[in-house]
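Encoded as structure tokens, the structure appears first; notes follow it.
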Amino acid sequence: MSGSERRRPPTIHDVAREAGVSRGTVSRFLNGGHNVSPAAADAVRAAIRKTGYVVNRHARSLITGRSDSVAFLLTEPQEKLFEDPNFNVLLRGCTQALAAHDIPLLLMIAGTPAERRRVMRYVTAGHVDGVLLVSSHTGDPVAEQLMRAGIPVVASGKPIDRSGRTARIAHVAADDRDGARDIVRHLVSLGRRRIATVAGPPDTPGGVDRLAGWREVLAEAGLPAGDELVAHGDYSRDSGRRAAAELLDRTPDLDALFVASDLMARGALTALERAGRRVPDDVAVGGFDDSPAAVAGLPELTTVRQPWDRISSEMVRVLLGLIGGEEPSAVILPTELVRRQSA
């Protein structure tokens, strides 16, 4: 073998020969993995590692008409990406899930109308094959614009349209209402009888469903669930502190607090400490998410775990299916109650 042949970069034919599969199987694997058995996929991955094969994206895009990249689009203010740990966990999970298919992920932020216009121009110009959309507010125009433009899109969380109904868009979500019911039942089982809540924004599916779960359990238990026991935050730490302080002023006899996110719960703990309330002795506190904020201080939070790894992998699976021509689908995943020190 000559030196020039030894230096020849590995090709898809080399991968197929090493994996013991057809060239078509390797091609299908590289283009999303559809109709490729798990065993064949494992063999192709091993062959790619052994041969050092690198995809020629430009050549492949000329053949397939695809960009071979996906956008992770956050339609929230940029500071939310750095403050809310859930976004980073989801971003990391989606990046890892796409890496298994050798597809890069582009992070895009569209928290203002001007940013949304720029993002839409970029996405609709064919620079990405699909969008993983992280948008929490009701009637977000980006989802509708993407669908009208024929861009495959999968939302994180249950998308709600302007009429308050679940929008007809592919999505992956945790069961917010059932998770809220679990943690409020836990607070009731501790003997707490004056259970207030710091709910999420009322124009978000989490804000709506977690509040509904709180109301349902208190109604089952014959406990008060009036508006005086509800304050809203925006999922930030400071909004949790302000909302909890408002509740303490309004209902000083509260003995438990269900907070619709761990980050807001951290803020609520600050308000309780300033008011001289001991946790969990005087006031039991439950959060939601099981994000890094849950264990970022003392007491560690009793909370509801969202299965972030499964959410991210399912979002990628559903999006690749859409890109491959499948119909939109909805995936709702179960949550888990995690008991720690705060309740």
Side-chain angles (χ1 to χ4, degrees), residues 1-73 90-108 122-133 146 149-156 170-172 307-329 331:
M1 182 182 290
S2 69
S4 62
E5 287 177 320
R6 284 196 299 270
R7 289 193 297 271
R8 176 181 63 82
T11 68
I12 192 172
H13 299 283
D14 298 322
V15 174
R17 185 168 53 251
E18 179 66 33
V21 299
S22 70
R23 182 186 179 281
T25 297
V26 178
S27 179
R28 288 195 299 276
F29 173 85
L30 294 174
N31 285 287
H34 302 293
N35 299 317
V36 178
S37 70
D42 289 342
V44 172
R45 288 191 193 96
I48 288 172
R49 287 194 297 269
K50 185 171 181 179
T51 61
Y53 174 73
V54 177
V55 177
N56 185 329
R57 295 191 179 281
H58 177 66
R60 190 166 79 181
S61 67
L62 291 176
I63 296 170
T64 65
R66 295 179 182 172
S67 69
D68 286 329
S69 60
V70 165
F72 183 96
L73 177 54
L90 191 59
L91 174 61
R92 183 174 66 247
C94 289
T95 301
Q96 292 171 343
L98 284 166
H101 299 276
D102 198 30
I103 298 175
L105 185 65
L106 281 67
L107 171 61
M108 310 185 80
Y122 184 87
V123 169
T124 55
H127 295 299
V128 298
D129 294 326
V131 174
L132 299 166
L133 180 63
L146 289 168
I151 305 297
V153 57
V154 177
S156 169
H171 60 275
V172 180
W308 291 111
D309 288 344
R310 286 193 63 195
I311 290 172
S312 55
S313 63
E314 284 295 298
M315 286 181 67
V316 167
R317 182 188 65 79
V318 172
L319 182 63
L320 294 180
L322 289 174
I323 293 170
E326 295 178 9
E327 290 297 313
S329 60
V331 180

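Between Val154 and His171 the shortest heavy-atom distance is CG1-CA, 4.1 Å. Of all heavy-atom pairs spanning Ser313 and Ala97, the tightest one is CA-CB, 4.1 Å. Taking every heavy atom of both residues into account, Arg23 and Ile12 meet most closely at NE-CG2, 3.5 Å. For the residue pair Val153 and Ala170, the shortest heavy atom distance occurs at O-CB, 3.7 Å. Contact between Ala71 and Leu105 at its shortest, heavy atoms only, is C-CD1, 3.9 Å.
Distance check, rounded to the nearest 0.5 Å: CG of Leu106 to NE2 of His127 gives 10.0 Å. Summarising the geometry, atom OG belonging to Ser329 is positioned 6.0 Å from atom CZ belonging to Arg317; distances are rounded to the nearest 0.5 Å. Arg92 CZ to Ser312 OG: the interatomic distance, rounded to the nearest 0.5 Å, is 9.0 Å.
Taking 4.5 Å as the limit, some side-chain heavy atom of Tyr122 sits within range of a side-chain heavy atom of Met108. Under the 4.5 Å side-chain criterion, counting only non-hydrogen atoms from C-beta, Pro152 is in contact with Leu319. Using a 4.5 Å cut-off on side-chain heavy atoms (C-beta onward), Val70 and Val128 make no contact. A 4.5 Å side-chain heavy-atom check between Leu98 and Leu132 finds at least one atom pair inside the cut-off.
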Quick one: side chains of residues 38-49, donor-acceptor pairs under 3.5 Å with protein atoms, not counting sequence neighbours, listed by atom name and distance.
residue	atom	partner	partner atom	Å
Asp42	OD1	Arg45	NH1	2.9

Step-by-step side-chain contact (heavy atoms from CB on, under 4.5 Å) determination, Leu320 to Ile103
CA-CA 10 Å; Leu320 294 180; Ile103 298 175; 3.7 Å; yes
I would like to know whether Leu107 and Thr95 meet side-chain contact (heavy atoms from CB on, under 4.5 Å); could you show each step before the answer?
CA-CA 10 Å; Leu107 171 61; Thr95 301; over 6 Å; no
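Side-chain atoms of Arg28 and Thr25 include a donor-acceptor pair closer than 3.5 Å.
With Thr51 contributing its side chain and Thr11 its backbone, the two residues share no donor-acceptor pair below 3.5 Å.
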